[in-house]
Colleague: 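Encoded as structure tokens, here's the structure I'll be asking about.
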2 protein chains.
Amino acid sequence: MVRDEAQERGLEPRGRADRRLRADAQRNIDRLLQTALAVFATSGVDAPVREIAEKAGVGVGTVYRHFPRRSDLIAAVFRREIDACADAATILAAEYESGDALDRWLRRYVDFIAAKRGLSAALHSGNPAFESLPIYFQEKLRPALQGLLEEAAAAGEMRADIDPAELLLAVARLCSPNDQQSRRMVALLVDGLRYRAPSTPPPSSRSGA
Amino acid sequence: MVRDEAQERGLEPRGRADRRLRADAQRNIDRLLQTALAVFATSGVDAPVREIAEKAGVGVGTVYRHFPRRSDLIAAVFRREIDACADAATILAAEYESGDALDRWLRRYVDFIAAKRGLSAALHSGNPAFESLPIYFQEKLRPALQGLLEEAAAAGEMRADIDPAELLLAVARLCSPNDQQSRRMVALLVDGLRYRAPSTPPPSSRSGA
DNA sequence: ACCTGAACACCGTTCAAGT
DNA sequence: ACCTGAACACCGTTCAAGT
């Protein structure tokens, strides 16, 4: 639950030598990520680096010391949010009964996708800084969803043949920003995955191109 | 088939007074749109205006005279491509048998969506210059697809209850760039819409939130 | 080790001067 | 009417100077 900064930075484009940052450096990174998240949320990901630096109370040079390119800062913020979303699965699983936990997490996930539209648009920009994000996304979120799916399936509330990776992608793609309709589409999709009696048997993946 | 420039410019953010441009102005606009399309395709939509102006053989001022903001140029290029895609429906309908024409057009449409990913990412940027594009997109492409669907349905090759607007959106959202898998997903989706005998009757929209 | 901010390069946009 | 391109403002990124 407590954020492990070393692990988090391990995925940034640094070589080695990221253990034991000086206390002020650590603090700066934290404030930078917090501030950037807030600024991106209100002004979009195109917000000037200078503005973020100023609001975080550091010089621009400090931003570039920790995040060599502007896109590295964006990617780091994105990873933080992915982590938080993955953590939510554990929390919800402990707090709610399986079907309920899955429902709640999917809503949480939709919120995440919807809020991060600007970022997800950046993903398609071809910028190498974002190259590893889809992988990180899947590696973190797939196990989180898989756990919830398995529990729901064990409770007989959900089909057992759902690939979490595919579901993550499908939901993300069905989501469009501030669009009420997309939520309905997602609800329908999830509804279709729900296992109800022998009326419509889950088709074992139909072969074909 | 021949492009009507006046109509095309009618959707740009000008007031009135867009009839009968001077011949050189007309030529400049054409070359600008052609050049921009090519440059965007290779360097992405972030390509500098200066580069486009230079390659089109005009001064930057000329670009800004016709397209007050950089995003207006992008939007104009996008509209041109939408027009071309809509025109393709008429051509394909005349040239191929209904089911075949639909298949071919959907592939054409997927090509369009895939190639224009950078642009579609821009759509979610909140830039007002792109605000009217989704509407233009639907107004141009929906009738195009609708015609093809109706002919295919009349020939008994396709379900008759498919909303062309929804299908356009769904396919666009399932499309991710240079992703072979997305094409499979689209193929599966369209396959599911195909009407085959009474084994799986088309469900009349199930009510529910 | 790490921070700062002036300085540099580049890009969107404007506008005075041309034809 | 329309074109040109130098000039301006702004933003990403660097780096010499500081602690």
Side-chain angles (χ1 to χ4, degrees), chain A residues 5-6 9 12-33 35-36 39-40 43-77 122 125 127-130, chain B residues 5-6 9 12-33 35-36 39-40 43-77 122 125 127-130:
Chain A
E5 203 61 49
R9 289 190 41 74
E12 267 141 44
R14 298 255 116 176
R16 24 11 219 359
D18 41 71
R19 42 200 79 265
R20 291 283 162 253
L21 290 157
R22 228 169 61 179
D24 56 343
Q26 188 60 263
R27 209 166 24 238
N28 281 338
I29 289 174
D30 287 340
R31 298 183 54 169
L32 233 19
L33 288 176
T35 309
V39 172
F40 289 159
S43 313
V45 275
D46 292 330
V49 171
R50 262 178 265 264
E51 182 188 339
I52 296 164
E54 195 176 4
K55 282 193 175 149
V58 302
V60 265
T62 303
V63 180
Y64 282 94
R65 159 164 270 261
H66 296 300
F67 307 100
R69 334 219 128 246
R70 173 195 163 61
S71 49
D72 293 323
L73 175 60
I74 298 177
V77 169
S125 67
N127 190 320
F130 300 129
Chain B
E5 204 61 49
R9 289 189 41 76
E12 266 140 45
R14 296 258 116 175
R16 23 19 221 347
D18 39 72
R19 45 199 77 265
R20 292 282 161 253
L21 290 159
R22 226 170 62 181
D24 55 344
Q26 189 60 264
R27 209 166 24 238
N28 281 338
I29 289 175
D30 287 341
R31 297 184 55 169
L32 233 19
L33 288 176
T35 309
V39 172
F40 289 160
S43 312
V45 275
D46 293 330
V49 171
R50 260 178 265 266
E51 182 187 340
I52 296 164
E54 195 177 3
K55 283 193 174 150
V58 301
V60 264
T62 302
V63 179
Y64 282 94
R65 158 164 270 261
H66 296 299
F67 307 100
R69 334 217 129 247
R70 172 195 164 61
S71 49
D72 293 323
L73 175 60
I74 298 176
V77 169
S125 67
N127 191 319
F130 300 128

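As the structure is a computational prediction, the values presented were derived from the model and not from experiment.
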Colleague: Hey, what do you get for OG1 (A:Thr62) to CZ (A:Phe67), rounding to the nearest 0.5 Å?
Modeller: 11.0 Å

Colleague: Using a 4.5 Å cut-off on heavy atoms from C-beta on, say whether the side chain of A:Asp24 contacts that of A:Arg27.
Modeller: yes

Colleague: Please report, rounded to the nearest Å, how far the P atom of D:dC3 is from the CZ atom of B:Arg31.
Modeller: 12 Å

Colleague: Output all residues satisfying side chain to side chain contact (heavy atoms under 4.5 Å, CB included) with B:Ser71, sequence neighbours left out; order by chain, then residue number.
Modeller: B:Arg69, B:Asn127, B:Ala129, B:Phe130

Colleague: Both B:Ser71 and B:Arg22 contact DNA chain C. Which one's nearest nucleotide lies toward the 5' end?
Modeller: B:Ser71

Colleague: Are OP1 or OP2 of D:dT13 and a side-chain N or O of A:Tyr64 less than 4.0 angstrom apart?
Modeller: yes

Colleague: With the sugar-phosphate defined as primed atoms, P, OP1 and OP2, and the base as all remaining atoms, what B/S/- string results for nucleotides 4-11 of chain C, 5' to 3', for protein heavy atoms under 4.0 Å?
Modeller: BBBB---B

Colleague: How many Å lie between CZ on B:Arg27 and P on D:dA1, as a whole number?
Modeller: 18 Å

Colleague: Taking atom C1' of C:dA1 as reference, at what distance in whole Å does atom CD of A:Gln26 sit?
Modeller: 14 Å

Colleague: Could you list the donor-acceptor pairs under 3.5 angstrom formed by side chains in residues 46-57 of chain B, with sequence neighbours left out?
Modeller:
unit_1: B:Glu51; atom_1: OE2; unit_2: B:Lys55; atom_2: NZ; d: 3.1

Colleague: Which range-with-range stems can be found for DNA chain C when each stem has 3 or more Watson-Crick or G-U pairs in a row and both distances sit under 3.5 Å?
Modeller: C:4-8 with D:12-16, C:12-16 with D:4-8

Colleague: Is the backbone of B:Arg31 close enough, under 3.5 Å, to the side chain of B:Thr35 for a donor and an acceptor to pair up by distance?
Modeller: yes

Colleague: Could you give the CZ-to-C1' distance, from A:Phe67 to C:dC2, as a whole number of Å?
Modeller: 14 Å

Colleague: Using the side-chain heavy atoms of B:Asp24, tell me which of these nucleotides is nearest: C:dC3, D:dT14, D:dC2.
Modeller: D:dC2

Colleague: With a 4.0 Å limit, can you tell me whether B:His66 has a side-chain N or O closer than that to the phosphate oxygens OP1/OP2 of D:dC2?
Modeller: no

Colleague: Hey, are the side chains of B:Tyr64 and B:Leu73 touching, using non-hydrogen atoms and a 4.5 Å cut-off?
Modeller: no

